[in-house]
Amino acid sequence: MTALPTAEDLSRSAREAAARCGVDLDAVAGDHPVTSPVNGARLASVRWQGAADVQDAVTRAGQAFQAWRTVPAPVRGGLVRRFGELLREHKADLGTLVSLEVGKITSEARGEVQEMIDICEFAVGLSRQLYGKTISSERPGHRLMETWHPLGVVGVISAFNFPVAVWSWNTAIALVCGDPVVWKPSELAPLSALASAALLDRAITETGAPADLSQVVLGGADVGEALVDSPGVALLSATGSTRMGRAVGPRVAERFGRSLLELGGNNAAIVTPSADLDLTTRGVVFAAAGTAGQRCTTMRRVIAHVDVVDELTDRLAAAYRRLPIGSPTEEGTLVGPLVHDASFKAMQDALEAARQQGGEVVVGGERRLADEAPDAYYVEPAIVRMPGQTDIVRQETFAPILYVLPYRTLEEAIALNNDVPQGLSSSIFTSDQAEAERFLAADGSDCGIANVNIGTSGAEIGGAFGGEKQTGGGRESGSDAWRSYMRRATNTINYSGELPLAQGVKFTV
Ligand code: NAD
């Protein structure tokens, strides 16, 4: 492990990467410090905005909507195509900003930008496939059809751990659907947000689209709340903790707005006696320790059959002891830092609670590099054997703690998988097809994502992404998630020259 980069190194790389994407950090400087979890030092400072700025942005976006909604969808796709090209050109720059602001290792940070590119490609294809249905009418000489129209301004609130990809999932789809976007990014990652938005602005200018289609408002929860309460926001798409969703959902509902909530997870893998333990070990370690346990889909529980639980735990512990932990910008690192001190404290509190609830910490949990970087929080990912699914296991602690629970019957394992408040991702490791099918069936996993022989994290953009229960029920990204960004009109067309009424009703005047 080489030394951590200096504050000057990090701030220079952030400034250069932002400039290449079109952001002059001097022009956006203000009172709010942006610190890097890599070494705890200040990267830059930015100006925060307020509720009035949100209202201005929503008003301008509403005006852009008037024009954009009449542009044919395949032409709207041209803007997203250009945006995707610019993202491809600046993949390394955006990846650098993501690494520096939220501590992702380089390959994961670039992978996040790759997701942005992928969703642009998906959205360009989609721009020619916003299909409605033609439906048989019960009346002669009539046709029934449904038409999908642009919905209006989309407000996006995003979390720190996918600081740019989540915005792009929403934005690429919203733009081809005919909707402008106003974005309130995580307060921890304003530079990545400004750089992403600058690339989209460039694509907007080059393709002659309305200037206010994309806007960013920087700030804290109060800025998010202003977006939530704005009647000009037709769809509020919010990604973050269940605590945030619980505040946001009812407020949007109160004004009869639409919300799309992508909230916390508490994701498990069931490991059956027939599982390939080599593959399982690799799958679990990536899903549980990757991104330092800070993905919504991070694996937080392994539910292993009593015949394999000891061997699996030994293999996992051995792999955990070999994990390279350190600066995310250094080649070879697999585990970067936690995002801030509160995450470290939450992890330590959870480990203590787990011990009190009968758990045994098998490996990890200790802080690393505290002397070199006292304001950065590197930790050894932890594995904790638990006697059962106690209170602490049922909570999402946003840090790398993997709880291991034993089971005897598959019914018991599925019940444990489902017996948490969250319902995002899940998987089963098995070589028995019947077990896999049982897990995927209606009375199997209750999560929005259910996988076989692969971990809980690392979804592709082609499928709809999201989960049930306290995860919020929203779906973003691929499949038919685009429907949330449009309004549906049902049309009845009468070409009969007569006026037969539905349900045989007679009403002759
Ligand atoms: P967070 O809830 O602290 O913040 C998320 C965003 O919500 C931030 O932009 C924040 O400013 C804003 N916010 C907070 N309170 C608000 C309020 N009352 N009104 C409006 N906006 C408000 O979450 P975080 O720490 O940034 O991210 C981690 C959490 O996000 C985890 O729980 C993780 O599981 C979840 N997450 C979920 C998904 C998903 O797709 N399901 C994806 C990524 C992260």
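Both counts, for ligands and for their atoms, begin at 1 and track the order of listing. We use all heavy atoms of the structure for the numbers below, so side chains are in, but hydrogens, waters and symmetry mates are not.
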ask   = Is there a donor-acceptor pair under 3.5 Å between the side chain of R301 and the backbone N or O of L402?
value = no

inquiry  = Between E112 and A165 (side chain of the first, backbone of the second, donor and acceptor by atom type, cut-off under 3.5 Å), is there such a pair?
reply    = yes

Heavy-atom pairs closer than 4.0 Å: do any link ligand 1 to the side chain of [X], the backbone, both, or neither?
X	answer
A238	neither
E187	side chain
V248	side chain
R295	neither

inquiry  = If we count only non-hydrogen protein atoms and require a distance under 4.0 Å, does atom 27 (O) of ligand 1 qualify as touching the protein?
reply    = yes

Check ligand 1 against [X] and write out every atom of the ligand that is under 4.0 Å from a heavy-atom position of the residue.
X	answer
S186	9 (O)
S241	1 (P), 2 (O), 23 (O), 29 (C), 30 (O), 32 (O)
G264	32 (O), 34 (O)
G224	20 (C), 21 (N)

Checking [Y] against [X]: is there a side-chain donor and acceptor pair closer than 3.5 Å?
X	Y	answer
E352	Q348	no
Q114	D118	yes
Q63	D212	no

inquiry  = Is the terminal nitrogen or CZ of K104 (NZ for Lys, CZ for Arg) located under 6.0 angstrom from the six-membered ring centre of F162 and within 45° of that ring's axis?
reply    = yes

ask   = Between R367 and F344, is NZ or CZ placed under 6.0 angstrom from the six-membered ring centre and within 45° of the ring axis?
value = yes

task = Evaluate the ring planes of F160 and H340, with Trp represented by its six-membered ring, and classify them as parallel (under 30°), tilted (30 to 60°) or perpendicular (over 60°).
result = tilted

For [atom], what is the closest protein heavy atom, and at what distance to 0.1 Å?
atom	answer
atom 18 (N) of ligand 1	E225 OE2, 3.5 Å
atom 25 (O) of ligand 1	F160 CD2, 3.5 Å
atom 5 (C) of ligand 1	T239 O, 3.6 Å
atom 34 (O) of ligand 1	E396 OE2, 2.6 Å
atom 12 (C) of ligand 1	I157 CG2, 3.7 Å
atom 6 (C) of ligand 1	S158 O, 3.4 Å
atom 43 (C) of ligand 1	N161 OD1, 3.1 Å
atom 40 (O) of ligand 1	F465 CE2, 3.1 Å

Proximal candidate to [atom] [heavy atom criterion; set [options]]:
atom	options	result
atom 35 (C) of ligand 1	G240, A159, A221, G466	G240
atom 37 (C) of ligand 1	G472, A459, C296	C296
atom 3 (O) of ligand 1	H340, K184, R243, M244	R243

query = Do any N/O atoms on L263 end up under 3.5 angstrom from N/O atoms on ligand 1?
reply = yes

ask   = With only distance considered, is T471 within less than 3.5 Å of ligand 1 through an N or O on each side?
value = no

Can you name the nearest heavy-atom pair linking [X] to [Y], along with the distance?
X	Y	value
G455	A287	CA-CB, 4.3 Å
P400	L338	CD-CD2, 3.8 Å
P180	A61	CG-O, 3.2 Å
Q422	N266	OE1-CB, 3.0 Å

message = Can you tell me if F398 contacts ligand 1 (heavy atom of the residue under 4.0 Å from the ligand)?
response = yes

key: Proximity flag G219 to ligand 1, non-hydrogen atoms under 4.0 Å   = no

ask   = Applying the side chain to side chain contact (heavy atoms under 4.5 Å, CB included) test to V154, which of L235, I173, V182 qualifies?
value = L235

ask   = Heavy-atom count around D480 CG within 6.0 Å, excluding the residue itself: above 12?
value = yes

